[in-house]
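Lettering follows sequence order; numbering is per chain, from 1. Both backbone and side-chain heavy atoms feed into the values below; hydrogens, waters and symmetry mates do not.
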There are 2 protein chains.
Amino acid sequence: MSTHGHTETWIERAEAVLSAAGHKRGGARRAVIELLDSQSCALTAVEIEDALRTGERGVSRASVYRVLDELEALRLVQRVETGQAMVRYERVCEQGGHHHHLVCDSCGLVMPFSDEALERAIDKLSERVPLRVSEHEIVLHGSCHDCRDD
Amino acid sequence: MSTHGHTETWIERAEAVLSAAGHKRGGARRAVIELLDSQSCALTAVEIEDALRTGERGVSRASVYRVLDELEALRLVQRVETGQAMVRYERVCEQGGHHHHLVCDSCGLVMPFSDEALERAIDKLSERVPLRVSEHEIVLHGSCHDCRDD
DNA sequence: AATATCACAAGACTGAGTCTCATTCTTGGT
DNA sequence: ACCAAGAATGAGACTCAGTCTTGTGATATT
C-alpha cells in the first residue's frame, strides 16, 4: 500500500468524514461505529441498543438514533427496509460492496446478494424515469431453504 | 365478452376469493374494499381509516388492519414498503398491473412505474438465488421534478 | 483554565400497529 | 321466517419503536 493510496478501513473513513463535517468525537458515537464495523449484516436500532447495553459501553436510545441519522446523512451507513417492522442499518463499503437483500418471510433470515444484470437494468431505468434516482435497495421476499413449505 | 371469460372487476374477484376462503360478508370489509378499489395508488392504514371516518361508513382501526391482513393473505392487496414509516397497501390487479414505485424522499410523493428489462433481470436472478422468490416490490428513492435541490 | 458548543443520558412522550372481549351481523338449517 | 353457531365488528386498552426535551458532561479553542 502506498502512502496516500492505502486501503482505509470503514472506521477510519467514518472518523474522517465525521470530522470533516464538523463533528466532535464522543464515546456513544464511537461505540455505535465500532459495533457497526464489526457486523457483516444489517442491524436494527434496537439490536444495536441491546448489544451495546450488554457490552462494554451502554449507549442511550436517543444517541443510537441520532448517530444512525448522522451516519446515514453522510452516506456512511445505509438503511435496509426489510418489511419486518423495524428498519435495519449497515455500514456502506466503498469498493464493490454494493449489494441487496433477500428476506425469508417465514423465519426472518436476511441474506445479501448482488447481481450485475440487475444493476444495469436499474442504471438504464434511472434515465427514463421522472425522478433523479439517488439510491436503490432491492429487497426480494420468499422462503429460504429451511422454510420450503408454504 | 363471453359468459365465462368476461373481465371481472377487482371488487368482484375480491368478493369471490373471500367467499371461497370461507369468509362471511360484512360492512367494514366492504367499505375498505370499495375504498381500495377506487384508488389508483397505495394508501397507508391510517389514510384508509381517516378516509372512511370522513366518508359514509366509519370503520374501526382494528377492522382496517384486520381486513388488510386478510386481503394480503389472499393476495388481493399488496404491501408497498416505501421507507416512509408507514406501510402502504394497494390492490393487486391480475392483468399486467405489475408495477413498482418511485419515492421522492423530499416531499414523499409516490409514483408507480414499470420496466420490462427490470422484470427480466429479476426473473433470471430468481433462479440463481438461495431463496424461492415469492414477490418483489422495487422501490427507488430520489428527488422528483419539484424537489431538485439537494 | 475559561468558555462556548457539541455530545450525551434519562426518561417523558407520540403514534402506528396489536390484542381483547363484548356486541352485532351473516348464514345455513329448521 | 326463526334460531343458533360462528364470523365480523367496534371500542379502547396496550405495546413498543422512534422522537423530543432537558439537564449534565465532554471537547476544542482561546
For the pair made of [atom1] in [X] and [atom2] in [N], what is the distance, rounded to whole Å?
X	N	atom1	atom2	answer
A:L18	D:dT27	CG	P	15 Å
B:Q84	C:dG15	CD	P	18 Å
A:E81	D:dA17	CD	P	16 Å
A:D69	D:dG18	CG	C1'	10 Å
B:Y89	C:dA16	OH	P	13 Å
A:E49	D:dT19	CD	P	13 Å

For residues [X] and [Y], determine if any side-chain heavy atom of one lies less than 4.5 Å from a side-chain heavy atom of the other.
X	Y	value
A:L71	A:V92	no
A:V139	B:V139	no
B:Q78	B:E72	no

Do any side-chain nitrogens or oxygens of [X] fall under 4.0 Å of OP1 or OP2 in [N]?
X	N	result
A:R25	D:dA28	yes
B:H23	D:dA7	no
B:R57	D:dG10	yes
A:R61	C:dA10	no
A:Y65	D:dT19	no
A:S60	C:dA9	yes

Report which part of the nucleic acid [X] touches: base, sugar-phosphate, or nothing (heavy-atom distance under 4.0 Å, all strands).
X	result
B:G27	sugar-phosphate
A:G58	sugar-phosphate
A:A28	sugar-phosphate
A:R66	base

Strictly by modelled atom types, are [X] and [Y] linked by a side-chain donor-acceptor pair under 3.5 Å?
X	Y	value
B:E90	B:H99	yes
A:H136	A:E119	yes
B:E15	B:H23	no

Report the nucleotide, chosen from [options], that has the shortest atom-to-atom distance to any side-chain atom of [X].
X	options	answer
A:K24	C:dG17, C:dA10, D:dA28	D:dA28
A:V87	C:dC6, D:dG18, C:dG17	D:dG18
B:A62	C:dC8, D:dA8, D:dG12	D:dG12

Subject >> Contact nearer the 5' end of DNA chain D, comparing B:R30 with A:V46 >> reply: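 Looking at the nearest nucleotide for each, B:R30 comes out on the 5' side.
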
Subject >> Closest-nucleotide 5' rank along DNA chain D - winner of B:V59 and B:G22 >> reply: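 Comparing both residues, the 5'-ward one is B:G22.
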
Original post:
Closest nucleotide of DNA chain C for B:T44 versus for A:G26: which of these residues is on the 5' side?
Top reply: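 Nearer the 5' end of the strand: A:G26.
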
